[in-house]
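Some notes on the structure that comes next.
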Amino acid sequence: MAGKQYDLIVIGAGPAGYVAALRAAQLGLSTACIDRWRDPAGKPAPGGTCLNVGCIPSKALLESSELYEHAAEKLKHHGVNCRSVDLDLKAMMTRKEQVVSTLTQGVAGLFKASGVDWLQGNGRLLAGHEVEFTPHDGKPQTLAAKHVILAPGSVPVEVGFAPFDGEHVVDSSGALAFDAVPKRLGIIGAGVIGLELGSVWRRLGAKVVLLEAQENFLAMADAQVARDALKVFTQQGLDIRLGARVTETKVHDGTVKVGYQDASGKHSVSFDRLVVAVGRVPATDGLIADEVEMVRDERGAIHVDEFCQTSVPGVYAIGDAVRGPMLAHKGSEEGIMVAERIAGHAATLDYELIPNVVYTLPEIAWVGRTEEQLKAAGTPYRSGVFPFAASGRARAMEATTGMVKILAHAETDRILGMHVIGAHASELIAEGVVAMNFGASSEDIALTTFAHPTLSEAVREAALDVLGRPLHIARRRR
Ligand code: FAD
Ligand code: AMP
C-alpha cells in the first residue's frame with residue numbers, strides 16, 4: 001500500500017529536477033522531490049552535479065585562477081604593480097566550497113518556500129506511478145503520484161584502462177578538489193570539461209597536456225571558432241595533442257604513465273596526476289524497478305519523445321539522463337516544459353535554440369547552426385564577422401582576442417546561428433538567443449541601438465557585416 005499521494009514526484013534535484021519541482025509547485029501541484037546527494041560533510045545538498053561538482057565549482061575556480069594569473073602576469077601592463085602574488089590554494093578551495101554551499105542551501109530554501117517536499121534519500125520508480133523512497137538513515141517507504149519525473153542526471157565515464165583511484169587518476173570532481181597544484185597534469189579528453197579544468201590548473205602553475213582522440217578540435221563548434229581557439233589555447237601553454245588515443249595507464253611511485261597512439265605511432269608520457277574527462281553517462285542504474293517496462297538505449301539513456309514523455313504513460317524523464325546536450329539549462333527548460341504540460345499548458349522547447357558555452361579565456365559560445373552544418377544542408381547563407389580587435393571597449397579592457405560571427409539566411413536574412421569567441425562570450429550569446437527566439441533578421445540587430453562602448457557593439461557590427469556594411473572595419477562593398 002502506498003503512503004502519501006502527490007500530484008508529482010520528481011526523482012533527482014539537479015538543475016533539471018529541482019526546477020521542474022519548483023515550477024510544478026508554482027502551478028499548484030502537490031510536489032515532492034527526492035534527492036540523495038550529500039556534501040563531503042554528509043549534509044544533504046540539493047542541486048545535483050551542477051551545483052555540487054559541475055557548473056558552479058568549476059566557474060568558481062575558473063574565476064579565482066583567472067584573477068591569480070591576471071595579478072601575477074597581466075596587471076603590470078595596466079600600470080598596476082603587485083610586489084608579490086602568492087597562491088593560497090586552500091583559501092581558493094574554501095571560497096569555492098562556500099559558493100557551492102550557499103547555492104545548494106538556497107535550493108533547499110526555495111523548496112521550503114514553495115511548498116515542495118524535499119525528501120533526502122534514494123528514489124526508485126515502481127510500477128503504477130509508485131515510487132520507493134529510502135531515506136538516508138531509514139527504511140524504504142512507498143509513495144504514489146499521478147505523475148513522475150525522472151531526473152537522475154549523469155556520472156563520469158570510467159574507462160577500463162584508467163580506473164579512478166581518487167588520488168592519481170581522478171574524474172572531474174577530483175580535479176575540482178586537488179590539495180596541491182600538480183607539476184605535470186594529464187587530461188584525457190579535450191572536450192568542454194577537459195578544457196575548463198586544464199585552464200584552471202595551467203593558470204595555477206601546472207604543465208598541462210590534453211590527449212584527445214579526435215583529429216578535430218572542438219568538433220561541435222563552428223570550425224573557424226575552433227581553429228582560433230586552438231591557436232590561443234596553445235599560445236597560453238596548453239599542450240593539446242589531437243588524434244591521440246589513450247590506450248593504457250600505469251600508476252607507479254606516485255607517477256601516472258600514460259600510453260597513447262597517434263598517426264606517428266605509440267607514445268608514452270608521465271604525469272603527477274591524470275584527469276579522465278571522456279564524457280558522462282546517464283545515472284540510471286537502480287533507478288527503475290525490473291517490473292517497469294521502460295525503454296532505454298545502450299548507454300542507459302531513458303528514451304523520451306519531444307515532450308520528455310517516456311514509454312510509460314505519466315512518467316517523464318529530463319536532463320542528462322535523456323537525449324540532447326548534457327547542459328544544465330537544457331535540463332531546466334525540459335523540467336519547466338514537463339511541469340507546465342502536466343498542469344495542462346501547451347509548453348514546448350526549441351532544442352535548436354539552446355546555447356553552448358566553454359568558459360575558458362577567451363570564452364566560446366554559440367547558438368544555432370555552424371557554417372559547416374549550413375553547408376552540409378545546402379542552406380544558402382551569408383556570414384558576418386567582427387573582430388574584438390576593432391572594438392573600443394575590448395581595447396580598453398585588454399580583451400581584443402576573438403570575434404563575433406553571425407550566420408543568416410541568404411534570402412530571408414533570418415539569423416540561423418551566432419558564434420562568439422572572446423571575453424564574456426557567455427553573456428553576449430544571450431543577445432543571439434533572444435534575437436533567434438523572436439525570429440530576428442540580421443537587419444533587426446543592425447537597426448538596434450547599442451550602448452557605446454560595449455562588447456555588444458561587436459554583435460551589431462557582425463550583423464552589419466552580414467548586410468555588407470560594417471562601420472568600424474574596412475571591407476570592400478559587396
Ligand atoms: P544532475 O545535476 O546530475 O542531478 C541529478 C541528481 O539526482 C543528483 O543530485 C543525484 O544524486 C540525484 N539522483 C540520481 N539518481 C537518484 C535516485 N535514484 N534517487 C535519488 N536521487 C538520485 N553544464 C552547463 O550547462 N554549464 C556548465 O558550465 C557546466 N559545467 C560543468 C562542469 C563540470 C565539471 C561538469 C561535471 C558538468 C558541467 N555541466 C555544465 C553539466 C551539468 O552539470 C549537467 O548537464 C547538469 O548537472 C545535469 O542536470 P540534471 O539535473 O540532469 O542532473
Ligand atoms: P566530452 O564528450 O565533451 O566530455 O569530451 C570527451 C572527449 O574525450 C571527446 O572529445 C572524446 O573524443 C575524448 N576521448 C574519449 N576517449 C578517449 C581516449 N581513449 N583517448 C583520448 N581522448 C578520448
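Atoms within a ligand are numbered from 1 in the order they appear, just like the ligands themselves.
- A salt bridge between Asp272 and Arg184 is present, with a side-chain N of the basic residue lying under 4.0 Å from a carboxylate O of the acidic one.
- Aromatic ring pairs are classed by plane angle as parallel below 30°, tilted from 30° to 60° and perpendicular above 60°; the pair Trp118 and Phe111 is tilted.
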Find all protein N or O atoms under 3.5 angstrom from an N or O atom of ligand 1 and list the pairs with distances, or write 'none'.
residue, atom, partner, partner atom, Å
ligand 1, 2 (O), Thr49, N, 2.9
ligand 1, 3 (O), Thr49, OG1, 2.6
ligand 1, 7 (O), Asp35, OD1, 3.4
ligand 1, 9 (O), Asp35, OD1, 2.7
ligand 1, 9 (O), Asp35, OD2, 3.4
ligand 1, 15 (N), Arg36, NH2, 3.3
ligand 1, 18 (N), Arg36, NH1, 3.4
ligand 1, 18 (N), Gly123, O, 2.9
ligand 1, 19 (N), Gly123, N, 2.8
ligand 1, 21 (N), Arg36, N, 3.2
ligand 1, 23 (N), Ala328, N, 3.4
ligand 1, 25 (O), Ala328, N, 2.8
ligand 1, 25 (O), His329, ND1, 3.3
ligand 1, 28 (O), Lys59, NZ, 2.7
ligand 1, 30 (N), Lys59, NZ, 3.3
ligand 1, 45 (O), Asp320, OD1, 2.8
ligand 1, 45 (O), Asp320, OD2, 3.2
ligand 1, 45 (O), Met326, O, 3.3
ligand 1, 45 (O), Leu327, N, 3.3
ligand 1, 45 (O), Ala328, N, 3.4
ligand 1, 47 (O), Cys50, N, 3.3
ligand 1, 51 (O), Pro15, N, 3.3
ligand 1, 51 (O), Ala16, N, 2.9
ligand 1, 52 (O), Asp320, N, 2.9

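- If you number the atoms of ligand 2 from 1 as listed, the ones under 4.0 Å from a heavy atom of Gln214 come out as 10 (O), 12 (O).
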- Message: Is there a side-chain contact (heavy atoms from CB on, under 4.5 Å) between Ile187 and Val209? Walk through the geometry before answering.
- Response: CA-CA 6 Å; Ile187 301 181; Val209 178; over 6 Å; no
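- In the displayed structure, Lys257 atom NZ is contacted under 6.0 Å by at most 12 heavy atoms of other residues, nucleotides or ligands.
- The proximity of Phe161 to ligand 2, defined as any non-hydrogen pair under 4.0 Å, is limited to the side chain.
- A side-chain donor-acceptor contact under 3.5 Å links Asp305 to the backbone of Phe307.
- Every atom of ligand 2 is numbered from 1 in the order shown, and the set under 4.0 Å from a heavy atom of Val246 is 18 (C), 19 (N), 20 (N), 21 (C).
- Protein heavy atom at the shortest distance from atom 8 (O) of ligand 2 is Gly189 CA, 3.3 Å.
- In terms of protein heavy-atom proximity, atom 14 (N) of ligand 2 is closest to Val278 CG1, 3.8 Å.
- Considering OG of Ser311 and CZ of Arg296, their distance stands at 9.5 Å, rounded to 0.5 Å.
- Under 4.0 angstrom from ligand 2, the non-hydrogen atoms of Ile188 all belong to its side chain.
- Of all atoms in ligand 2, listed by their number and element, those nearer than 4.0 Å to a heavy atom of Ala244 are 20 (N), 21 (C).
- Here the protein heavy atom with the shortest distance to atom 6 (C) of ligand 2 is Ala277 O, 3.4 Å.
- Close contacts of ligand 2 with Gly279, meaning ligand atoms under 4.0 Å from a residue heavy atom, involve 4 (O), 6 (C).
- Closest to atom 23 (C) of ligand 2 among all protein heavy atoms lies Ala213 CB, 3.7 Å.
- Pairs passing the side chain to side chain donor-acceptor pair (under 3.5 Å) check and including a residue from residues 165-174, sequence neighbours excluded, do not occur.
- Among all non-hydrogen protein atoms, the one lying nearest atom 5 (O) of ligand 2 is Gly191 CA, 3.6 Å.
- Within a 6.0 Å sphere centred on CG of Asp350, other residues, nucleotides and ligands contribute more than 12 heavy atoms.
- The option from Arg280, Glu212, Met220 that lies nearest to atom 12 (O) of ligand 2, judged by heavy atoms, is Glu212.
- No side-chain heavy atom of Thr94 sits less than 4.5 Å from a side-chain heavy atom of Met92.
- Separation of atoms CD (Glu363) and NE2 (His424) is listed at 7.5 Å; rounding is to 0.5 Å.
- Contact check on Arg241 versus Glu212 returns no salt bridge, with no Lys/Arg side-chain nitrogen under 4.0 Å from an Asp/Glu carboxylate oxygen.
- When non-hydrogen atoms are compared, ligand 2 lies under 4.0 Å from neither the backbone nor the side chain of Ala219.
- To the nearest 0.5 angstrom, Lys43 atom NZ is 7.0 Å from Ser101 atom OG.
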